[in-house]
> 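Shown below is the structure under consideration.
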Amino acid sequence: MIHDTSSEPPEIHMSFDSFTQTLNLSKADIYQSSFIDRQQTGRIRKEKTVVKNLDKIFGAVLKISNKKGFNTMSMRDLSRECGLSMGALYNYFSGKDDLLEMLQHQQRTVTGKILEERIAAQSSPRSKLKTAIYTHLYLSEALQPWFYFSFMEAKNLTGAEKEKTLASERATEKMICDILVEGQNQNVFQSHDPQLGASLIKALLQDWYVKRGKYARRNISVDQYADYVYRFVEAFYVRE
């Protein structure tokens, strides 16, 4: 069956530069939920102080973890790197497990919120699919150390926090799967297995930030990678 594309909106154009210009990824926004959580404990009250110190703490954690791993990082290492006293650090978290949960929570919250908002702003399955792919890749590029850290340290999570991370992974796949199903229902996408397709697309998105060095050595930009992944998926799913 030939699909009539005359009623579809024009294809959206995206680039990493325009993405970062139009999307507010300020530290104040990223750390907002941490401030609210910590404010409820009564430990800290001034938001400006929180943003400044969480910037130091999280930046130091990512730097140290990249060099020697989170597990081998001591609180003294963190104190030395971020320039805050041991006592000041414990105002923000009770220990390394709590700190790891904070970092994972922030990455999940930011990614999920922005993906949902940008996909919801699109009307057609094709534009939603393209938006999901490009947005995820651009976010992981803008926050690459954070994405890589979250992926590598997820294995060290236990209990409820580990389940939250797994649930977040499933939620991202479900977003993509729902788009594929919507497109199939509208006869825009071919009837390939949407759940398996969503899993494969998620793996391609993940490869960008997990193996970032490989693509850097090949001089492949995030725009080139996003274009290729979308065209690859489009060729498999979209009806002519």
Side-chain angles (χ1 to χ4, degrees), residues 1-16 18-19 22-25 29-30 33 104-143 146-147 150-151 154 157 160-210 222-223 225-240:
M1 179 183 295
I2 298 176
H3 173 63
D4 179 12
T5 60
S6 60
S7 61
E8 291 185 4
E11 184 177 359
I12 57 172
H13 297 282
M14 301 179 68
S15 71
F16 182 65
S18 63
F19 176 83
T22 58
L23 185 68
N24 183 6
L25 282 174
D29 289 336
I30 293 175
S33 62
Q104 296 283 7
H105 171 74
Q106 289 303 314
Q107 192 269 336
R108 289 196 305 265
T109 301
V110 170
T111 302
K113 180 175 183 292
I114 293 173
L115 271 174
E116 289 176 1
E117 289 177 350
R118 293 180 74 90
I119 291 171
Q122 303 301 320
S123 57
S124 73
R126 287 185 68 174
S127 62
K128 288 179 181 179
L129 181 59
K130 184 172 186 177
T131 296
I133 290 172
Y134 280 71
T135 298
H136 197 287
L137 287 170
Y138 289 163
L139 270 174
S140 67
E141 176 69 6
L143 302 172
W146 213 327
F147 270 72
S150 295
F151 175 83
L157 296 172
E161 196 61 27
K162 184 173 184 177
E163 178 53 36
K164 289 177 185 177
T165 297
L166 294 175
S168 178
E169 289 287 321
R170 293 192 294 266
T172 302
E173 285 190 16
K174 187 177 184 304
M175 284 185 201
I176 299 170
C177 183
D178 288 348
I179 294 170
L180 296 177
V181 170
E182 180 183 354
Q184 290 172 346
N185 290 339
Q186 295 182 20
N187 202 34
V188 175
F189 295 156
Q190 299 187 57
S191 57
H192 301 303
D193 185 335
Q195 191 169 40
L196 180 57
S199 297
L200 293 175
I201 292 170
K202 182 65 171 68
L204 288 171
L205 302 180
Q206 193 174 70
D207 202 60
W208 175 254
Y209 60 86
V210 173
V222 67
D223 285 313
Y225 189 81
D227 288 342
Y228 192 90
V229 169
Y230 177 66
R231 296 307 176 194
F232 181 81
V233 173
E234 182 184 48
F236 186 69
Y237 267 103
V238 177
R239 292 185 183 277
E240 295 295 335

> Show the nearest heavy-atom pair for residues Gln122 and Arg118, with the distance to one decimal.
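Closest heavy-atom pair between Gln122 and Arg118: CG-O, 3.6 Å.
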> Looking only at atom types and distance, does a side-chain atom of Gln107 sit under 3.5 Å from a main-chain N or O of Phe147, one as donor and one as acceptor?
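Side chain of Gln107 to backbone of Phe147, a donor-acceptor pair under 3.5 Å: no, none is there.
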> Mind listing the closest non-hydrogen atom pair of Phe189 and Ile179 along with its distance?
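Phe189 and Ile179 have their closest heavy atoms at CE1-O, 3.6 Å.
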> At their closest point, which heavy atom of Cys177 faces which heavy atom of Ala198, and how far apart are they?
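So the two residues come closest at N-CB, 3.6 Å.
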> Decide whether Ser199 and Glu173 meet the rule of one side-chain donor and one side-chain acceptor closer than 3.5 Å.
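Yes, a side-chain donor-acceptor pair sits under 3.5 Å.
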> Is it true that Glu234 and Arg231 make a salt bridge, defined as a side-chain N closer than 4.0 Å to a carboxylate O?
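So Glu234 pairs with Arg231 through a salt bridge.
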> Rounded to the nearest 0.5 Å, what's the gap from CZ on Phe232 to CD1 on Ile201? Could you check?
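Those atoms lie 9.5 Å apart.
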> Assess whether atom CD of Gln195 is packed by more than 12 heavy atoms of other residues, nucleotides or ligands within 6.0 Å.
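Count not over threshold, so no.
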> Donor-acceptor pair, Ser18 side chain versus Met14 backbone, under 3.5 Å?
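Checking the backbone N and O of Met14 against the side chain of Ser18, no donor-acceptor pair under 3.5 Å is found.
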> With side chains defined as the heavy atoms from C-beta onward, is the minimum distance between Tyr209 and Leu137 less than 4.5 Å?
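No. Closest side-chain heavy atoms not under 4.5 Å.
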> Enter the distance from Ser140:OG to Gln206:CD here, rounded to the nearest 0.5 Å.
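Separation between the atoms: 10.0 Å.
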> How long is the span from the CG atom in Leu180 to the CG atom in Asp193, to the nearest 0.5 Å?
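One finds 9.5 Å between CG of Leu180 and CG of Asp193.
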> Tyr138 and Asp223: side-chain donor and acceptor closer than 3.5 Å?
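Yes, a side-chain donor-acceptor pair sits under 3.5 Å.
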> Is there a side-chain contact between Met175 and His136 in this structure, where contact means two heavy atoms from C-beta onward sitting under 4.5 Å apart?
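Heavy-atom side-chain distance check fails, nothing below 4.5 Å.
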> Would Lys128 and Glu182 count as a side-chain contact (heavy atoms from CB on, under 4.5 Å) if you check the C-alpha gap in whole Å, the side-chain angles of each, and the deciding distance to 0.1 Å?
CA-CA 10 Å; Lys128 288 179 181 179; Glu182 180 183 354; 3.1 Å; yes
> Could you walk me through whether Arg108 and Glu169 pass the salt bridge (charged side-chain N to carboxylate O under 4.0 Å, His left out) test, one step at a time?
CA-CA 9 Å; Arg108 289 196 305 265; Glu169 289 287 321; over 6 Å; no
> Does the Gln104 side chain pair with the main chain of Ser150, one donor and one acceptor, at a distance under 3.5 Å?
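Answer holds: yes.
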> Would you say the side chain of Tyr134 lies within less than 4.5 Å of the side chain of Val229, judging by non-hydrogen atoms?
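When only atoms from C-beta onward are counted, Tyr134 and Val229 do not touch, as no gap falls below 4.5 Å.
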> Assess the residue pair Leu204 and Leu200 against the criterion (side-chain contact (heavy atoms from CB on, under 4.5 Å)); give the C-alpha distance rounded to whole Å, side-chain angles, the decisive distance to 0.1 Å, and a yes or no.
CA-CA 6 Å; Leu204 288 171; Leu200 293 175; 5.8 Å; no
> Can you list the steps and then say if Trp146 with Gln106 is a side-chain contact (heavy atoms from CB on, under 4.5 Å)?
CA-CA 9 Å; Trp146 213 327; Gln106 289 303 314; 3.5 Å; yes
> From Ile176 CD1 over to Ile133 CD1, what is the distance, rounded to the nearest 0.5 angstrom?
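The distance works out to 7.0 Å.
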> What closest approach, in Å, do Ile119 and Ala132 show between heavy atoms, and which atom pair accounts for it?
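Shortest heavy-atom contact: CD1-CB, 3.8 Å.
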> Would you check if Tyr225 and Asp207 make a side-chain contact, meaning some heavy-atom pair closer than 4.5 Å?
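Result yes, sub-4.5 Å side-chain heavy-atom pair found.
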> Looking at Tyr237 and Gly197, what are the two nearest heavy atoms and their distance?
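Smallest heavy-atom distance, with atoms named: OH-CA, 3.4 Å.
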> What are the two closest non-hydrogen atoms of Tyr230 and Arg126, and how far apart are they?
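Answer, listing the atom of Tyr230 first, then Arg126: OH-O, 3.8 Å.
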